[in-house]
Amino acid sequence: MHPESHEAMSVLFGMNPMWVSSLVLIATYAAIMSEKVNRAIVSLLGAGIMILLGVLNQEMAIRGVDFNTIALLTGMMIIVSVTRKCGVFQYVAIWSAKQVKANPAGIMLMLQIVTAVFSAMLDNVTTVLLIVPVTMVICEELKIRPYPILVAEIFASNIGGTATLIGDPPNIIIGSATGLTFNDFVMNLTPVVIVIQIVTVAIFHVLWGRKLSASQENRERVMKFNEKEAITDWRLLKQSLAVIFFVILGFILARQLHLEPGTVAMSGAAVLMLLANLGRDAETQSHEVHHTFTEVEWITIFFFVGLFMVVSGVEHAGVLKMLAEYLVAATGGDLAVTAIAILWASAILSAIIDNIPFVATMIPLIKNMAPTFGGPEGLLPLWWSLSLGACLGGNGTLIGASANLTVAGLAERAGTSFRFVTYMKIAFPIMLVSIAISTVYVWWRYL
Amino acid sequence: MTCKHVMNSQPPVLVKGATVADAVSMLRRENRVNLPVVDANGKYLGLFGAHQILLLALPKGMRADDEQHLAFVSDSFQDIENRLKAVANHPVERYMDGDFQPLTPDTPLVETLRVMYVRRDDLPVVDPATKKLVGIVTVRSSLGKLMAST
């Protein structure tokens with residue numbers, strides 16, 4: 001049991017805190033998976049029950065929340081909310097389509113690259129929200145089925161997001177909990193992510209891309225798109241690009257500057273809002289700032305807050321320490337076996353359940369293994385395995401990652417249907433290929 | 001005063017299965033902004049009108065995100081016409097707005113006017129018990145009735 005736990009355990013009416021906290025965690029997971037109740041409501045209720053039942057007191061619950069993660073997510077959401085208004089994402093998508101002379105296979109390739117790069121710098125859901133509508137416009141002009149390109153974009157968003165600290169929520173939580181920096185993620189994950197993206201591009205080309213064709217007349221229609229017209233505010237474009245540049249620089253220099261990524265992102269968000277509102281009267285500023293804040297995904301933010309408290313409850317009750325001991329015993333205390341087990345288990349589970357609560361639960365569990373593997377340094381292969389498994393595993397099914405469901409939802413609205421089994425038949429094997437590549441990489445580099 | 005005092009009780013309707021082309025000709029003939037869609041028993045299903053037709057005239061990507069700007073697209077009049085021709089034989093229920101919570105005959109007049117102000121549309125009036133369409137309130141006729149009494 002956690003040393004602090006005696007503070008709260010006295011109000012449990014004699015119930016075993018390990019059982020109580022485990023039941024709350026399982027109930028929270030089940031309710032999130034059922035999708036009957038919004039996940040933010042579920043996690044906040046779970047947190048409230050942990051406190052009401054005395055597993056945690058209020059101070060412990062607040063301490064359980066990783067405010068660096070919350071600040072990083074919120075800050076980046078604000079930056080994207082302001083930036084998207086200038087039309088830069090449409091510009092890049094159209095520009096890239098024209099670079100390949102509107103050849104459908106080339107467009108499929110370019111949009112995967114664009115999606116992967118944007119996803120590495122921004123949230124995956126945001127990226128697909130910006131790329132999918134313009135993809136649908138391009139496909140309609142070419143008179144080609146958008147489905148193959150949209151599936152390829154789902155993969156690119158999840159693969160690209162794996163490359164950096166800020167690309168995917170599991171990485172944000174792992175980085176914040178372990179002190180691994182933006183540069184650590186780039187040095188350790190970006191190389192393998194590039195390989196995985198190249199292989200995935202090749203698979204999609206063989207599977208679909210080479211069969212896509214459009215008439216010269218329809219390609220001409222895309223070539224007539226004027227990407228400069230997509231930019232609605234050149235001043236805002238320059239301001240946004242400058243702020244994003246300095247925010248990324250801040251992430252790179254975070255360790256030397258003794259700054260947490262959350263501070264960098266939130267400061268960048270404040271500076272961008274300041275620049276975007278310079279010269280406006282107070283009422284307009286209020287309106288604009290209010291609008292920007294409404295575009296923050298508060299469901300995700302409050303989901304994280306509640307989830308951190310729930311996980312903190314099971315951690316304080318000693319459940320995760322016990323599970324860590326079981327896992328170490330099952331793998332015989334062998335680092336290689338443990339790393340590969342975490343990689344594959346994370347991938348398979350992340351294809352089925354939400355990877356965010358899974359990773360949030362795994363972090364304290366893995367930290368508890370430090371004594372077995374020679375301290376925090378010895379855990380590095382496990383963190384990279386967890387990240388690769390959790391982020392890439394999301395590609396396996398339509399419910400594996402939020403970005404997948406977002407693409408499916410947008411496509412359905414525009415008349416392209418996504419079916420769970422149809423998607424999984426294609427996606428799951430390709431996801432397994434990415435995990436196989438990750439296995440070779442982790443083995444070769446760390447074990 | 002309630003909604004029933006300003007509603008038209010026998011509005012033109014589109015019956016489920018009517019095509020987009022049918023709807024366009026009825027909208028023009030009746031000089032309406034939109035029309036209620038009902039099933040064979042008169043049960044209210046949704047609204048179909050100018051707003052839905054404009055969306056059908058735009059690239060499909062617009063349906064995925066209606067906030068995206070399309071200034072970069074240089075479609076001709078013919079392209080837009082072709083887009084509408086492609087859906088002319090589709091049933092209206094595929095594209096109608098089925099989300100709007102209709103007014104009832106007992107909705108207070110001020111609330112009726114407020115909803116019209118917010119929606120900027122003609123609105124269906126539905127019996128809450130039977131779910132059948134009982135009328136429609138239009139901006140033009142309600143203002144006409146209200147101005148006539150002043």
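From a predicted model like this one, the values you see are computed outputs, not experimental measurements. Chain identifiers are assigned alphabetically (A, B, ...) following the order of the sequence lines, protein sequences preceding nucleic acid strands; residue numbering begins at 1 within each chain.
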Check: Can you tell which of A:I144, A:V222, A:N218 makes a side chain to side chain contact (heavy atoms under 4.5 Å, CB included) with A:P104?
Finding: A:I144

Check: Given the options A:K228, A:E229, A:E140, A:M136, which has more heavy-atom pairs under 4.5 Å with chain B than any of the others?
Finding: A:E140

Check: Considering residues at least two apart in sequence or located in another chain, which fulfil the ring pair (Phe, Tyr, Trp, His ring centres under 6.0 Å) criterion with B:F72?
Finding: A:F225

Notebook entry, point to check: At what distance, to the nearest 0.5 angstrom, does CD1 of A:I94 lie from CE of A:M110?
Noted result: 13.0 Å

Notebook entry, point to check: Under 30°, 30 to 60°, or over 60°: which ring-plane class applies to A:F155 and A:F204, parallel, tilted or perpendicular?
Noted result: perpendicular

Notebook entry, point to check: Charged N to carboxylate O below 4.0 Å: is that the case for A:K85 and A:E295?
Noted result: no

Check: Is any side-chain N of the basic residue among A:E141 and A:R221 closer than 4.0 Å to the acidic one's carboxylate O?
Finding: yes

Margin query: Please check: side-chain N/O of A:Q90 versus main-chain N/O of B:H69, any donor-acceptor pairing under 3.5 Å?
Written below: yes

Check: When only heavy atoms count and the cut-off is under 4.5 Å, which of residues 30-55 of chain B reach chain A?
Finding: none

Item checked: Region of B:R94 that comes under 4.5 Å of a non-hydrogen atom in chain A -> neither

